[in-house]
A.B. asks: 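The structure under discussion is supplied below as C-alpha cells; questions concerning it will follow.
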Amino acid sequence: MALRNVVCEGDEILRKRCREVADIDDRVRTILDDMIETMRDREGVGIAAPQVGILKRMFVIEPEEGELLEFINPVVIEEKGVQTSDEGCLSVPGLVGTMDRPEFLKVEAFNRAGEKIIHEATGFKAIVISHELDHLEGILFVDNAKEIREAAGETEES
Ligand code: CO
C-alpha cells in the first residue's frame, strides 16, 4: 500500500465526470487499498478516486471506526428526506460549509470482490455517501453549500 497525493480544488481533475470501472481487477484493488491508507492518514471519513487523481467511479468511506465500506460503480436507487449539517472536504482544505443532504439513501454498488451490494444509509453515513457521489460527478460541497467559512477544526472531511 502507498499514500497518494490528495488533489485540491483548482485542479480540473476534480471537475470531471468519472468513468465506470470496467474490470474489478488487482489494479483497482490496489487503488482502493491506497485510497483507504490515504483517507486514514488524513483522518478523513471518506475519499473518492478523483481526489487521488483517478477518474474512476469508486470511493471508500469510514463514517465510524470499524465501518469501512467500498463502492465501485455506485448507483442511487432511492433517496428520501433532507438533513442539514456542516461538512468539509479533504480537497478543500480549511473550509467548511452548511449542506443539505438526503436523510436516507439506498445505493447499489460493487465491492472489490465484484459482488453487487445494496447499501442503505441514514444520518451521517448518508451524508458521507452523498458527498462522495458528488465527487464522481465533479461536484464539490463549495458549489452548493449555504454558508462557507473557515474551518474551526471539528468538522469531518471526506
Ligand atoms: Co470531499
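Both counts, for ligands and for their atoms, begin at 1 and track the order of listing. Every value quoted in this text rests on a predicted model; they were computed, and no experiment measured them.
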A.B. asks: Tell me, please, if S158 has any N/O/S atom, main chain or side chain, under 2.8 Å from the Co ion (ligand 1)?
C.D. replies: yes
A.B. asks: Any donor-acceptor pair under 3.5 Å linking the side-chain atoms of D86 with those of T98?
C.D. replies: yes
A.B. asks: Taking NZ, NE, NH1 and NH2 as the nitrogens, is one of them in E37 or R4 under 4.0 Å from a carboxylate oxygen of the other?
C.D. replies: no
A.B. asks: Rounded to the nearest 0.5 Å, what separates atom CZ in R42 from atom CG in L3?
C.D. replies: 9.5 Å
A.B. asks: Is any side-chain N of the basic residue among K116 and E108 closer than 4.0 Å to the acidic one's carboxylate O?
C.D. replies: yes
A.B. asks: Looking only at N, O or S atoms in H131, which is nearest to the Co ion (ligand 1)?
C.D. replies: NE2
A.B. asks: Could you check which N/O/S atom of H135 is closest to the Co ion (ligand 1)?
C.D. replies: NE2
